[in-house]
K.L.:
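Take this structure first; my questions come after.
Since we're looking at a predicted model, the values are computed, not measured. The sequence lines fix the lettering, A, B, ..., with proteins before strands; numbering per chain opens at 1.
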2 protein chains.
Amino acid sequence: MKNYYPILERCPLFNGIRMEDLSVMLGCIGGRVLSVSKGQSISREGDPATHVGMVLSGAVRMVREDYYGNRSIVAHIGPAELFGETYACAGIAALPISFVADADSQVLLMDCRRITTSCCNACAFHSRIIFNLLQLVATKNLVFDQKIQITSKRTTREKLMAYLLNEAKLQGGRSFTIPYDRQELADYLEVDRSGLSAEISKLRREGILESEKKQFTLL
Amino acid sequence: MKNYYPILERCPLFNGIRMEDLSVMLGCIGGRVLSVSKGQSISREGDPATHVGMVLSGAVRMVREDYYGNRSIVAHIGPAELFGETYACAGIAALPISFVADADSQVLLMDCRRITTSCCNACAFHSRIIFNLLQLVATKNLVFDQKIQITSKRTTREKLMAYLLNEAKLQGGRSFTIPYDRQELADYLEVDRSGLSAEISKLRREGILESEKKQFTLL
DNA sequence: GAATGTATGTTGAATTTTCAACACCGGGAG
DNA sequence: CTCCCGGTGTTGAAAATTCAACATACATTC
């Protein structure tokens, strides 16, 4: 177990937890390590959603199957990242997706109910874990909300401006750097890359902004 | 305080809490009632995001202001509904929006930190509240995720089909009823109403579905 | 320095969406 | 019954997006 500490330390779920408290705490919340080989599933659609998982080594993919049986990969979860926390915390009866090992992996499975219910000895770190979990789920919420806010605009120009104005606000100035290249920004805004490039050029010609690669200035 | 119990009882945050435990518990989590008159703000953009609010009477609106100072109403929060929980739980320094009374109102403000940190006497209902809060935030997450999943499709037809297939899956059958009229569905899918109507007709002509108002059957 | 690859910008045609306007239907009010 | 109204379907023109293809710039590699 000890050899996973460097990974556990990197996971925000354990922020503020001293490593020396980890083993006690893992017992407290029912943590157990599972080894899975590539292609094997950790949980399948329809399984009860009771566990929060964390990738210790390898990788896990989140797979969704639609009405007609078309499979698609929803997310790729790497070391120190959590999976299944939304479903477990939402208290839904059955998982709407599956988690499949993307490589030979080891994952830490924790019982969500035992995280949210204080243990009898009311350990200090326990309430910290709850706080961290809540913070993680709420932060994801903010990220989603922001994306919806932006992509619900109807035109490329509106989406782009909503994104840039928000970025300006966040970074506190008219000049700022975005973390995406053109293709990634197009993917985020759910628009066509070439159309996006064209729109940026147009805004530049109209004197609304200046830009150079990932650097933007609103005028 | 007692006269608010019927409202409190309706809020999912207090699911599984006995009413007779409420007053102890509210003390435990630092609950206090605030009366605000119409137009007065409860929290302003930039304020620390430390409180979870609940509307006891009246209504509250969530207001966002963009870079250029354009104000827009993001959400309307009615009795027994929560507000600010996402921001407080995400642990962000400052609110990105404001909460303004939409009518003369009374709201219950609770200290988020005192919810997430177990009180010294480790009361049973306290852990239930945490569980409920986590569940609320996570559920909102699922709702957002589903909406993104659907609206990230590029065409009206794809969005519509993604929505209907998901609805079919959720309701467990090819026949189901949707909770939206045409305009509302268009708003949810972020498309034009008339275009949506046209697309539904087309799918019907192509023999892909049957529909009658809010009743749909996939073939 | 030439070859290669990647990121970005540009363009025009095909497709799709939006917008405005109107027709139709059924229910409720008077 | 008739009138009115909200919800829905239809249509055609205008606007915007997507798509494919190519141009350009720059960095890397050999």
Side-chain angles (χ1 to χ4, degrees), chain A residues 70 72 76 147-168 175-219, chain B residues 70 72 76 147-168 175-219:
Chain A
N70 305 312
S72 68
H76 178 95
K147 171 151 178 153
I148 288 176
Q149 195 86 20
I150 290 170
T151 58
S152 66
K153 308 279 180 190
R154 296 299 172 80
T155 65
T156 299
R157 167 182 282 240
E158 280 181 314
K159 289 180 191 181
L160 174 59
M161 285 306 289
Y163 174 76
L164 294 178
L165 288 170
N166 189 252
E167 223 36 47
S175 275
F176 52 92
T177 305
I178 66 172
Y180 302 126
D181 64 25
R182 291 292 180 273
Q183 183 59 62
E184 289 166 340
L185 181 56
D187 289 343
Y188 177 78
L189 298 179
E190 320 281 10
V191 299
D192 180 70
R193 182 199 60 80
S194 70
L196 174 63
S197 268
E199 204 60 52
I200 290 174
S201 302
K202 199 154 118 191
L203 286 166
R204 212 162 19 207
R205 277 197 303 277
E206 291 174 17
I208 294 173
L209 57 76
E210 284 171 357
S211 76
E212 161 79 32
K213 311 230 172 189
K214 299 182 176 182
Q215 174 71 32
F216 287 79
T217 304
L218 296 175
L219 304 174
Chain B
N70 305 312
S72 69
H76 177 95
K147 171 151 177 153
I148 288 176
Q149 194 87 21
I150 290 170
T151 58
S152 66
K153 307 279 179 190
R154 296 298 173 81
T155 66
T156 300
R157 168 182 281 241
E158 281 181 313
K159 290 180 190 181
L160 174 60
M161 285 305 290
Y163 174 75
L164 294 177
L165 289 170
N166 190 250
E167 223 37 46
S175 273
F176 52 90
T177 304
I178 66 172
Y180 302 127
D181 65 24
R182 291 291 181 273
Q183 184 60 62
E184 290 166 340
L185 181 56
D187 289 343
Y188 178 77
L189 298 179
E190 321 282 9
V191 299
D192 180 70
R193 183 200 58 81
S194 69
L196 174 61
S197 268
E199 204 60 50
I200 291 174
S201 302
K202 199 153 119 190
L203 287 165
R204 212 160 22 205
R205 277 198 303 277
E206 293 174 15
I208 293 173
L209 57 75
E210 284 171 358
S211 76
E212 161 79 32
K213 311 230 172 189
K214 300 182 176 182
Q215 174 71 33
F216 287 78
T217 304
L218 297 173
L219 302 175

K.L.:
Sequence neighbours left out, what pairs pass ring-ring contact (aromatic ring centres under 6.0 Å, His included) with at least one residue falling in residues 200-219 of chain B?
P.N.:
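For residues 200-219 of chain B: none.
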K.L.:
Mind grabbing the angle between the end helix axes of the helix from dG1(C)-dC30(D) to dG30(C)-dC1(D)? Five pairs an end, 10° rounding.
P.N.:
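Nearest ten degrees gives 30° for this helix.
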K.L.:
Shortest non-hydrogen contact from L219(B) to G207(B)?
P.N.:
CD1-O, 3.6 Å
K.L.:
If you walk 5' to 3' along DNA chain C, what is the first nucleotide with an atom under 4.0 Å of a heavy atom in chain A, and what is the last?
P.N.:
dT8(C) to dT18(C)
K.L.:
Once side-chain hydrogen bond (donor to acceptor under 3.5 Å, both in side chains) is applied, do any residues pair with S72(A), and if so which ones, sequence neighbours excluded?
P.N.:
none
K.L.:
Any pair with a residue in residues 205-219 of chain B that passes salt bridge (Lys or Arg N to Asp or Glu O under 4.0 Å), sequence neighbours left out, goes on the list, sorted by first then second residue, please.
P.N.:
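Residue pairs with at least one partner in residues 205-219 of chain B: R157(B)-E206(B).
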K.L.:
Considering residues at least two apart in sequence or located in another chain, which fulfil the side chain to side chain contact (heavy atoms under 4.5 Å, CB included) criterion with S175(B)?
P.N.:
Q215(B), T217(B)
K.L.:
Within residues 196-219 of chain A, which residues have any heavy atom lying less than 4.0 Å from an atom of DNA chain C?
P.N.:
S197(A), S201(A), R204(A)
K.L.:
Provide the closest heavy-atom pair for A168(A) versus L218(A) in the form atom of the first, atom of the second, distance.
P.N.:
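It is CB-CD1, 3.8 Å.
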K.L.:
If you take any heavy atom closer than 4.0 Å to DNA chain D, which residues from residues 148-157 of chain A end up in contact?
P.N.:
T155(A), T156(A)
K.L.:
Regarding D192(A), tell me which of base, sugar-phosphate or nothing describes its non-hydrogen contacts under 4.0 Å with the strands shown.
P.N.:
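If one applies the 4.0 Å heavy-atom cut-off, D192(A) turns out to touch a base.
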K.L.:
Return the minimal non-hydrogen interatomic distance between T151(B) and K159(B), and the atom names on each side.
P.N.:
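Where T151(B) meets K159(B) most closely, the heavy atoms are O-CE, 3.6 Å.
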K.L.:
Which residues satisfy the side chain to side chain contact (heavy atoms under 4.5 Å, CB included) test with A162(B), sequence neighbours excluded?
P.N.:
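Checked A162(B) against side chain to side chain contact (heavy atoms under 4.5 Å, CB included); matches are I150(B), K153(B).
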K.L.:
For DNA chain D, determine which residues of residues 158-165 of chain A have any heavy atom closer than 4.0 angstrom to one of its atoms, and list them numerically.
P.N.:
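Within residues 158-165 of chain A, no residue comes under 4.0 Å of DNA chain D.
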K.L.:
Considering all heavy atoms of both residues, which atom of R154(B) and which atom of E158(B) are nearest to each other, and what is their separation?
P.N.:
N-OE1, 3.5 Å
K.L.:
Would you check if the side chain of R182(A) reaches a backbone N or O of S197(A) as a donor-acceptor pair within less than 3.5 Å?
P.N.:
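Absent.
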K.L.:
Just how far is it from atom CG of L160(B) to atom CD1 of I208(B), taken to the nearest 0.5 Å?
P.N.:
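Here the rounded value is 10.0 Å.
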K.L.:
Between atom OG1 of T155(A) and atom CE of M161(A), what is the distance when rounded to the nearest 0.5 Å?
P.N.:
10.5 Å
K.L.:
For E184(B), which residues count as a side-chain hydrogen bond (donor to acceptor under 3.5 Å, both in side chains) partner, sequence neighbours excluded?
P.N.:
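Applying side-chain hydrogen bond (donor to acceptor under 3.5 Å, both in side chains) to E184(B) gives none.
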K.L.:
Run the side-chain donor-acceptor check on residues 185-196 of chain B: report pairs under 3.5 Å with partners two or more places apart or on a different chain.
P.N.:
from: D187(B); atom 1: OD1; to: Q183(B); atom 2: NE2; distance (Å): 3.1
from: E190(B); atom 1: OE2; to: K147(B); atom 2: NZ; distance (Å): 3.1
from: D192(B); atom 1: OD2; to: S194(B); atom 2: N; distance (Å): 3.2
from: D192(B); atom 1: OD2; to: S194(B); atom 2: OG; distance (Å): 2.5
from: D192(B); atom 1: OD2; to: G195(B); atom 2: N; distance (Å): 3.0

K.L.:
Could you state the CZ-C1' distance from R193(A) to dA16(D), rounded to the nearest angstrom?
P.N.:
17 Å
K.L.:
Given atom CG of L185(B) and atom P of dT8(D), what is their separation to the nearest angstrom?
P.N.:
10 Å
